[in-house]
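Heads up: the structure comes next, in structure tokens.
Every chain is numbered from 1 and lettered A, B, ... according to where its sequence line falls, protein lines coming before strand lines.
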Amino acid sequence: MTNFPLLITEWYQRNKRDLPWRSTKNPYHIWLSEIILQQTRIDQGLSYYHRFIDHYPDIHHLANADEQEVLRDWQGLGYYSRARNLHFTARQISKERNGVFPGNYTELVKLKGVGPYTAAAIASFCFGEHRAVVDGNVYRVLGRFFDIELPFDSGPGNKHYASLAQSLLPQKDHSTYNQAIMEFGALQCTPANPNCIECPLNHQCLALANGTVTARPVKEGKTKIRKRYFDYYLFLQDGHVLLEKRTKKDIWQHLFQFPLIERSEVLSPKKSPAPIEGFQETHIFELPKHVLSHQHIFARIWLASSFPDEDIWQNKNWIKVPLNELEKFPLPQLLHRFVQNELENCV
DNA sequence: AATGCGGGGCT
DNA sequence: AGCCCAGCATT
């Protein structure tokens with residue numbers, strides 16, 4: 001038996017941050033915050049949370065918005081399927097359930113974009129269900145305190161962590177404890193440089209006693225990075241540009257871009273063929289290397305000061321967009337930055 | 001069970 | 001350069 005939950009909760013009362021979703025049980029607000037915070041740090045997601053609350057005060061506003069508008073508000077946050085699932089689920093709950101969220105884990109986990117973690121969080125925070133949350137923080141805190149050698153990203157490891165977390169969940173104030181263990185992982189038992197010296201659990205932490213703190217939790221999957229080479233073609237004439245929508249199952253699906261040709265090797269300006277008949281570039285922008293979790297993208301933008309004849313590209317899914325409407329189209333972050341920082345120099 | 005999906009921050 | 005982040009959907 002351990003007083004682990006009590007110590008975690010007491011630490012939380014002394015150290016918790018004041019965050020907007022901590023002072024409500026509104027399922028719409030909690031759900032929105034949890035979707036935004038999937039694989040995303042609070043510092044990065046907070047402004048997006050405020051923007052969505054501002055633009056879509058309740059779930060019906062979100063349901064009645066256009067998907068492209070939602071994607072535009074999500075621009076820069078990454079994992080864009082979250083935004084599409086958010087919008088889909090808002091429409092579903094608004095139309096089919098009159099805006100009322102499912103009230104328990106089993107029903108919540110059926111929603112698109114809501115998995116075991118998010119369903120547990122909503123069930124616990126909004127409805128007081130006795131259900132332990134298991135996120136990256138929980139893997140780390142439990143993996144260290146109990147010095148768990150089982151990888152958390154394996155089948156057996158996943159089940160072990162889930163049942164351990166559930167067994168530790170107190171009967172009283174379990175919702176607060178769920179918040180507490182995640183906050184403890186985010187602020188005290190951090191991935192790098194955990195503050196073990198001042199930790200209230202340092203006398204009972206098995207990983208600290210065994211000198212395995214930095215080795216916990218164990219993960220078996222390793223990341224492999226792919227290099228990609230993108231040639232964008234920016235046709236700029238009379239205050240208009242050509243855009244195309246990404247439709248393939250690939251990065252940035254459903255976002256827009258300048259017409260793109262992907263090369264299989266390092267770009268050679270002399271050998272790169274023109275994207276279309278009559279293309280004549282006037283400038284080449286080298287974009288900074290775009291570093292993502294599983295790929296590095298080397299991109300350049302070829303600028304042409306005139307459009308090709310429309311009958312040449314009308315069979316492609318390219319659209320002609322006035323520059324002052326460009327901001328309505330969700331772009332990948334590397335193109336958004338280019339538009340913000342460089343495009344005005346071309347016009 | 002394994003893989004793909006963003007962008008930012010840290011070591 | 002590699003790992004992590006209030007994970008999930010797809011295959």
[X] has an atom [atom1]; how far is it from atom [atom2] of [N], in whole Å?
| X | N | atom1 | atom2 | answer |
| --- | --- | --- | --- | --- |
| A/Gln38 | C/dC4 | CD | P | 19 Å |
| A/Leu37 | C/dG7 | CG | P | 8 Å |
| A/Tyr79 | C/dC5 | OH | P | 12 Å |
| A/Tyr80 | C/dA9 | OH | C1' | 18 Å |
| A/Gln39 | C/dC5 | CD | P | 7 Å |
| A/His294 | C/dA1 | NE2 | C1' | 14 Å |
| A/Ile42 | C/dA6 | CD1 | P | 6 Å |
| A/Leu108 | C/dA6 | CG | P | 22 Å |

Query raised in the report: Using a 3.5 Å cut-off on both pairing distances, which stems of three or more Watson-Crick or G-U pairs include DNA chain B?
Result: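 Expected stems, ordered by start: B:1-5 with C:7-11, B:7-11 with C:1-5.
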
Query - Contacting residues from residues 178-189 of chain A, given that a heavy atom lies under 4.0 angstrom of DNA chain C - result: A/Gln179, A/Met182

Query - Neighbours of DNA chain C within residues 9-25 of chain A, by heavy-atom distance under 4.0 Å - result: A/Trp21, A/Arg22

Report task. Return each pair, listed once, that meets ring pair (Phe, Tyr, Trp, His ring centres under 6.0 Å) where at least one residue sits in residues 180-223 of chain A; pairs must be two or more places apart or across chains. Result -> A/Trp11-A/Phe184

Query raised in the report: Does A/Arg228 come within less than 4.0 Å of A/Asp250, counting only side-chain N to carboxylate O?
Result: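 Judged by the 4.0 Å cut-off on N to carboxylate O distance, A/Arg228 and A/Asp250 do form a salt bridge.
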
Query raised in the report: Between the base of C/dC4 and the side chain of A/Arg140, is there any donor-acceptor pair under 3.5 Å?
Result: no

**Report entry** Contact list for DNA chain B against residues 249-258 of chain A - heavy-atom distance below 4.0 Å
**Finding:**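 Residues of residues 249-258 of chain A under 4.0 Å from DNA chain B: A/Asp250, A/Ile251, A/Trp252.
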
Requested in this report: Specify whether A/Phe285 and A/His283 have parallel, tilted or perpendicular ring planes, treating 30° as the upper limit for parallel and 60° as the lower limit for perpendicular.
Outcome: perpendicular

Query raised in the report: Any chance the side chains of A/Thr118 and A/Gln38 put a donor and an acceptor closer than 3.5 Å?
Result: yes

Query raised in the report: Judged by modelled atom types alone, do A/Gln333 and A/Gln75 share a side-chain donor-acceptor pair under 3.5 Å?
Result: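 A/Gln75 and A/Gln333 do not have a side-chain donor-acceptor pair below 3.5 Å.
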
Query - From C/dG2, C/dC4, C/dA1, nucleotide with atom closest to A/Lys289 side chain - result: C/dA1

Report summary line: Min and max contacting nt of DNA chain B in 5' to 3' order, chain A heavy atoms within under 4.0 angstrom, are B/dA1 to B/dT11

